[in-house]
Amino acid sequence: MFMKIFIRTFPSPEECELFESIVQTKWPDLLNSAQGVRFRALSNNQAPHVSIVVWEFPNEKSQRLVEKKIDENISRFVKTLSPKTMSASGEVTM
């Protein structure tokens, strides 16, 4: 199993909420072809301007497929809203 974590810090809670609503609307359709892929969005009331998403992939091929879909469909919203983005990915060892 492979995982990727995206942490995006937006200038305001409203922009974070807008981004998350776009993601929630788009991802169900985009993930139809990605079997075994799961994502979890974490909410932190103490930092409502931060979006955290944890992806789980059964293999690297699935990860590349989803990352391509992110680039094609979500990146333009990220560019428009200008969050600071940090990510980490790797194979699950424990």
Side-chain angles (χ1 to χ4, degrees):
M1 175 184 292
F2 292 81
M3 296 184 82
K4 185 161 191 168
I5 301 169
F6 282 100
I7 301 170
R8 293 185 174 99
T9 303
F10 292 86
S12 71
E14 293 79 18
E15 288 182 42
C16 183
E17 187 176 314
L18 174 63
F19 176 76
E20 288 177 344
S21 69
I22 291 167
V23 170
Q24 288 175 5
T25 302
K26 288 193 158 289
W27 276 124
D29 291 337
L30 294 173
L31 291 178
N32 282 339
S33 62
Q35 284 192 325
V37 174
R38 185 165 101 167
F39 80 99
R40 298 176 186 190
L42 306 177
S43 175
N44 181 346
N45 291 335
Q46 296 169 333
H49 63 294
V50 177
S51 171
I52 301 170
V53 175
V54 178
W55 286 93
E56 297 176 8
F57 308 100
N59 52 51
E60 287 182 275
K61 182 180 177 184
S62 297
Q63 183 175 353
R64 287 191 301 272
L65 173 71
V66 169
E67 287 174 343
K68 183 178 178 190
K69 290 178 183 279
I70 289 171
D71 286 341
E72 294 170 352
N73 296 282
I74 302 300
S75 291
R76 69 175 179 258
F77 299 111
V78 172
K79 289 176 187 170
T80 301
L81 296 172
S82 312
K84 293 179 184 176
T85 302
M86 185 173 93
S87 66
S89 64
E91 187 171 2
V92 175
T93 58
M94 290 193 296

Enter the distance from Ile7:CD1 to Lys84:NZ here, rounded to the nearest 0.5 Å. 13.5 Å
I'd like to check Lys4 versus Ser87 (side-chain heavy atoms, cut-off strictly below 4.5 Å). Are they in contact? yes
Using the rule given for side chain to side chain contact (heavy atoms under 4.5 Å, CB included), can you reason through Ile70 versus Phe6, listing the C-alpha separation, both sets of side-chain angles and the distance that settles it, and then say yes or no? CA-CA 11 Å; Ile70 289 171; Phe6 282 100; 3.8 Å; yes
For Gln35 and Ser62 the tightest heavy-atom approach is O-OG, 4.2 Å
Just how far is it from atom CD of Glu20 to atom CZ of Arg8, taken to the nearest 0.5 Å? 10.0 Å
For a 4.5 angstrom cut-off between non-hydrogen side-chain atoms, does Pro58 reach Val37? yes
For a 4.5 angstrom cut-off between non-hydrogen side-chain atoms, does Phe19 reach Pro83? no
Run Phe2 and Trp55 through side chain to side chain contact (heavy atoms under 4.5 Å, CB included) and show every step you take. CA-CA 8 Å; Phe2 292 81; Trp55 286 93; over 6 Å; no
Report the C-alpha distance between Val50 and Ile52 in whole Å, list the side-chain angles of each, state the deciding distance to 0.1 Å, and finish with yes or no for side chain to side chain contact (heavy atoms under 4.5 Å, CB included). CA-CA 7 Å; Val50 177; Ile52 301 170; 4.0 Å; yes
Would you compute the distance between atom NE2 of His49 and atom CG of Asn44 and round it to the nearest 0.5 angstrom? 9.5 Å
Atom CZ in Phe57, atom CD in Gln63: separation rounded to 0.5 Å? 4.5 Å
Please tell me whether Val66 and Ile5 are part of a single hydrophobic cluster in this structure, the criterion being side-chain heavy atoms less than 4.5 Å apart. no
Tell me whether Leu42 is reachable from Met3 by hopping between hydrophobic residues (I, L, V, M, F, W, Y) whose side-chain heavy atoms are closer than 4.5 Å. yes
